[in-house]
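Values in this document were obtained by computation on a predicted structure and should not be read as measured data. Atoms within a ligand are numbered from 1 in the order they appear, just like the ligands themselves.
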Amino acid sequence: MTEDGLHAPRTDGPAATAYRIATIPGDGVGPEVIAAGRRVLDAAGDRFGFAISWSELVAGGIGIDTYGVAIRDDDVAAAGAADAVYLGAVGGPRWDDPNAAVRPEQALFALRGGLGLFANLRPVSVHPALVPSSPLRPELLDGVDLLIVRELTAGLYFGRPSEERRDATGRHAVDTLTYTEAEIRRVVRLAFELARGRRGRLTSVDKANVLATSRLWRKVVEEVRPDFPDVAVTHQLVDSCAMFLVKSPAAFDVLVTENLFGDILSDEASVLAGSLGMLPSASLGERRTAHGIFGLYEPIHGSAPDIAGQDRANPIGTILSGAMLLRWSLGRGDVADALEAAVGRALDDGCRTGDLLPGPGSAVLGTRAFADAVVERLAPAATTAQAGR
Ligand code: IPM
Ligand code: MG
């Protein structure tokens, strides 16, 4: 991710400030990966001369068990008062009753919607050492470096009505897909800005041959386009995009799409990186803090209940989400670069988690040990070439 573009905060160098991060460990492997991410961010603070003041909020399935709701309104407000939110995962089989009125995922929607986090950034790149971990042929992965910008606070996830009904003929269910032009324009503008700071290519993904919302989406993209003459835009139908993502993934730079399409395409794209456990995400809105843009950061994998509590989860998606947090919400692109480089060095040195294919001379580490391996490879501030970039 580059720091170019209007929305990107600038690095303001080392500060004595204590950044305030609210954690939401959540369910399943969430607490383990968040502990690993905290450990790495604290170590980065030691090396680069800043401190983090952590708070912890209870949300997700554990929120339902503790308070009867996935997240309390006060806790959404508390999350919104921090500089950034660091979230593990929510959900699990214990709360999977499809008829339940309260569901762990409601915490995500309350945070995303309640805090105005309309843009979800999901970068996907392939570390050379992990090429064998992907089922795709190595030559297809060469040069893959894409960014999915998913609209996060509208569309089918938020449209009402959304319910099951019963009448004389039986049951039927309805979900509502709506987008206003303002909801489309703000995320599309951000995607254009991000494309401008990268390789200058934007793919807008829709289903304009079927959906009215997609036809409005396309019109808005065309209206924004003249403001970014340096960005090459293509419209692609989502079904065809799903095919090209595995057929020629290196051709993509920035993709921008609505909520549900972005959800599906980002899981598909994670296959390129070798494992769902690799992918970080940032959810951003418009609110600025003293240091950058307020945001929520989480790995895109879920709560993985089958391996919860066993120190087996891959913490890389969470650690890289921490790097995005540093870059976007704390204005510390220098530390973010150092952290990403440390993860890369750990992989180069053969460190793996159980979800990644072992290479020659590699070692499978647990969640905690992998975080330690990253900490050991964090360069001190003085030797980081990009400091202040
Ligand atoms: C994601 C997840 C969530 C989503 C689920 C857990 C509701 O899949 O963040 O991609 O669909 O947004
Ligand atoms: Mg998803």
Side-chain angles (χ1 to χ4, degrees), residues 24-31 33-34 37 59-64 69-71 76 79 85-98 100-124 146-160 162 175-177 179 183 187 205 238 241-242 245 255-273 275-285 295-306 308 313-314 317-318 320-321 324-325 355:
I24 302 181
D27 308 314
V29 297
V33 292
I34 284 295
I62 188 172
I64 295 174
V69 287
I71 188 166
V76 174
V85 183
Y86 201 26
L87 188 145
V90 300
R94 271 177 53 211
W95 307 281
D96 255 355
D97 173 5
V102 284
R103 302 177 55 79
E105 294 79 11
Q106 289 163 346
L108 296 179
F109 309 140
L111 289 159
R112 292 170 181 177
L115 302 177
L117 304 171
F118 64 85
N120 184 221
L121 276 47
R122 298 187 163 185
V124 182
L146 60 90
L147 172 66
I148 297 177
V149 181
R150 169 189 177 193
E151 199 290 326
L152 203 60
T153 52
L156 277 166
Y157 281 67
F158 287 85
R160 294 291 174 270
S162 169
D175 289 296
T176 303
L177 174 51
Y179 267 102
E183 285 164 345
V187 71
V205 183
V238 62
C241 178
L245 262 179
L255 296 93
V256 63
T257 191
E258 64 135 272
N259 208 339
L260 183 64
F261 297 162
D263 178 48
I264 297 167
L265 294 178
S266 56
D267 268 29
E268 184 192 2
S270 75
V271 170
L272 307 168
S275 164
L276 193 57
M278 295 297 298
L279 291 207
S281 80
S283 302
L284 306 174
L296 180 150
Y297 302 83
E298 58 180 318
I300 85 155
H301 65 69
S303 59
D306 50 323
N314 181 345
T318 308
L320 294 178
S321 298
M324 294 184 88
L325 186 160
D355 54 322

Sort out for me which residue in Leu152, Val90, Leu117, Leu296 forms a side-chain contact (heavy atoms from CB on, under 4.5 Å) with Leu108.
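Checked Leu152, Val90, Leu117, Leu296 against Leu108; only one passes side-chain contact (heavy atoms from CB on, under 4.5 Å): Val90.
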
Which of these, Ile24, Thr318, Val29, sits in a side-chain contact (heavy atoms from CB on, under 4.5 Å) with Ile34?
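Option passing the side-chain contact (heavy atoms from CB on, under 4.5 Å) with Ile34: Thr318.
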
The Mg ion (ligand 2) to nearest N/O/S of Asp263 less than 2.8 Å:
yes

Applying a heavy-atom distance cut-off of 4.0 Å, which protein residues contact ligand 1?
Glu105, Leu108, Phe109, Arg112, Arg122, Arg150, Tyr157, Asp263

Would you say Glu258's side chain and Ala154's backbone share a donor-acceptor pair under 3.5 angstrom?
no

Is there a donor-acceptor contact under 3.5 Å from the side chain of Ser281 to the main chain of Glu298?
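Checking the backbone N and O of Glu298 against the side chain of Ser281, a donor-acceptor pair under 3.5 Å is found.
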
Say you draw a straight line from CG of Asn259 to OG1 of Thr153; how long is it, rounded to the nearest 0.5 Å?
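The distance works out to 7.5 Å.
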
I'd like to know whether CD1 of Ile62 has more than 12 heavy-atom contacts from other residues, nucleotides or ligands below 6.0 angstrom.
no

